[in-house]
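A short worksheet on the structure shown next.
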2 protein chains.
Amino acid sequence: MTLRSNPGLAALAAEMETHGATRDAPTRSVMALLGDRWSTLIMLVLAETTLRHSELKATLEKLSSEQAISQKILTEKLRRLERDGFVARIAGNGPTPMVNYELTDLGRGFHKQIRRLIGWINDNAETILSSRMEADA
Amino acid sequence: MTLRSNPGLAALAAEMETHGATRDAPTRSVMALLGDRWSTLIMLVLAETTLRHSELKATLEKLSSEQAISQKILTEKLRRLERDGFVARIAGNGPTPMVNYELTDLGRGFHKQIRRLIGWINDNAETILSSRMEADA
DNA sequence: CCGCATCCTAGGCGATACTG
DNA sequence: CAGTATCGCCTAGGATGCGG
């Protein structure tokens, strides 16, 4: 099974090698969102309702038993999701800051994929857990 | 939209909070595989063919334009995939080491999910890239 | 209320050298 | 060939304080 005989895999691998520069294939950088600490959870929350920055932070705090997200990271993650077009940032123009975040159509599409993925993992959780218990024994 | 009124999200969040201890819900730890440097690529390769450790390393090197995987990391990743039951390790009992790795049925199922995910990202790559270009401008 | 700058820590990852 | 041990880098993430 050489590289030459398998262009499909090579193409996939090439996509996976890119890291998010403007013109790079987005495969790897988008998949990285699934692995990081907050991005997925942020999208799960925003899929339910549009929220302001502070409300979003509070909601994540309620949902997160261990630790709250820092403002810095929340802003960072939202910026990144906004850059990719998954989240829209709507700033009010009053005297006091008032910034709303919501999923775009693209974000909703991605959210569906996330839910499907979580569904598969849940469907196979028993198998995975029993494998772990056997391995750790 | 309180936590109480939204048990579905709370359940999802709870799963996402766990980190891979033996009895934890596997959601988060499995999603983390999608984000790391090598796990996904390893599964893409093993989905095509069973390989020995050294062959796998060589294949990953060919596919990876930038950098090769270190022996240490390859072993580490394989151990983890094996623990979760995605990969099977088949050691020969001859005088010279001869260890084959292949996907399990569970691993093949997971691989299908990965391909589906990559497919969605590719289908939406144009949108994502144009969003990035606009954001970076 | 929102975001930025600074400093800090933990963990992923890699290079190298060494065993059976 | 397969795996382990040691070392060091780099970056995601967190704590805190300031500015608009």
Side-chain angles (χ1 to χ4, degrees), chain A residues 16-17 19-21 28-42 46 50-61 64-83 87-102 135, chain B residues 16-17 19-21 28-42 46 50-61 64-83 87-102 135:
Chain A
M16 304 276 306
E17 287 304 312
H19 290 107
R28 183 191 188 79
S29 54
V30 171
M31 300 231 313
L33 297 176
L34 301 174
D36 77 20
R37 177 75 182 82
W38 293 107
S39 299
T40 300
L41 196 52
I42 289 171
L46 287 184
T50 298
L51 286 175
R52 292 166 54 200
H53 182 109
S54 53
E55 296 169 329
L56 179 53
K57 187 167 189 299
T59 303
L60 291 170
E61 251 154 64
S64 180
S65 51
E66 323 171 345
Q67 207 166 9
I69 188 171
S70 66
Q71 253 193 8
K72 175 195 169 193
I73 299 299
L74 180 54
T75 299
E76 225 173 81
K77 294 305 177 188
L78 286 169
R79 287 281 179 279
R80 169 129 185 237
L81 292 170
E82 197 192 353
R83 183 173 104 105
V87 164
R89 180 181 187 275
I90 300 127
N93 47 9
T96 54
M98 169 79 89
V99 186
N100 279 281
Y101 291 95
E102 62 182 32
Chain B
M16 304 276 306
E17 287 303 311
H19 290 108
R28 182 188 188 81
S29 54
V30 171
M31 300 231 313
L33 297 176
L34 301 173
D36 77 21
R37 177 75 183 80
W38 293 107
S39 299
T40 301
L41 196 52
I42 290 172
L46 287 184
T50 297
L51 285 174
R52 292 166 53 201
H53 182 109
S54 54
E55 297 169 329
L56 179 53
K57 186 167 190 299
T59 304
L60 291 169
E61 251 154 62
S64 180
S65 51
E66 323 171 344
Q67 208 166 9
I69 188 171
S70 67
Q71 253 192 10
K72 176 195 167 190
I73 298 299
L74 179 53
T75 300
E76 226 174 80
K77 295 303 179 187
L78 285 170
R79 287 280 179 280
R80 168 131 184 234
L81 292 171
E82 198 192 352
R83 183 173 103 105
V87 163
R89 179 182 186 275
I90 300 127
N93 47 8
T96 54
M98 170 78 91
V99 186
N100 280 281
Y101 290 95
E102 62 182 32

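Every chain is numbered from 1, with letters handed out A, B, ... down the list of sequences. These numbers were taken from a predicted model, which means no experiment stands behind them.
The side chain to side chain contact (heavy atoms under 4.5 Å, CB included) test applied to B/Arg80 returns B/Ser29, B/Ala32, B/Leu33, not counting sequence neighbours. By the side chain to side chain contact (heavy atoms under 4.5 Å, CB included) test, B/Lys57 is found to be paired with B/Glu61, B/Ile69, B/Gln71, B/Leu74, residues two or more places apart in sequence or in another chain being considered. Under the side chain to side chain donor-acceptor pair (under 3.5 Å) criterion, B/Arg79 pairs with no residue at all, not counting sequence neighbours. Residues that satisfy the side chain to side chain donor-acceptor pair (under 3.5 Å) test with A/Arg83, not counting sequence neighbours, are B/Asp136. Every residue two or more places apart in sequence or in another chain that forms a side chain to side chain contact (heavy atoms under 4.5 Å, CB included) with A/Arg52 is listed here: A/Ser54, A/Glu55, A/Met98, A/Asn100. Partners of B/Thr50 under the side chain to side chain donor-acceptor pair (under 3.5 Å) rule, at least two apart in sequence or in another chain, are B/Glu102.
The span of DNA chain C lying next to chain B, judged by atoms under 4.0 Å from heavy atoms, is bounded 5' to 3' by C/dC13 to C/dG20.
B/Tyr101 has no side-chain polar atom (N or O) that falls below the 4.0 Å cut-off from OP1 or OP2 of D/dC1. OP1 and OP2 of D/dA2 both lie 4.0 Å or more from every side-chain N or O belonging to B/Thr75. Within the 4.0 Å cut-off from OP1 or OP2 of D/dG3, not a single side-chain nitrogen or oxygen of B/Arg52 is found.
The two residues A/Tyr101 and A/Leu46 make their nearest non-hydrogen contact at O-CD2, 3.6 Å. Taking each heavy atom of B/Arg28 and A/Asp36 in turn, the nearest pair found is NH2-O, 3.8 Å.
Here D/dC1 presents its C1' atom at 16 Å from CD1 of B/Ile90, a figure rounded to the nearest Å. Counting to the nearest Å, the C1' atom of D/dG14 and the CG atom of A/Leu60 are 15 Å from each other. Rounded to whole angstrom, the span from the CD atom of B/Glu76 across to the C1' atom of D/dA5 amounts to 12 Å.
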Within the sub-3.5 Å range, which N or O atoms of nucleotides 15-20 of chain D have a protein N or O partner, and how far apart are they?
none

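Computed from C1' positions of five pairs at each end, the angle between the two local axes of the helix from C/dC1-D/dG20 to C/dG20-D/dC1 equals 40°, rounded to 10 degrees.
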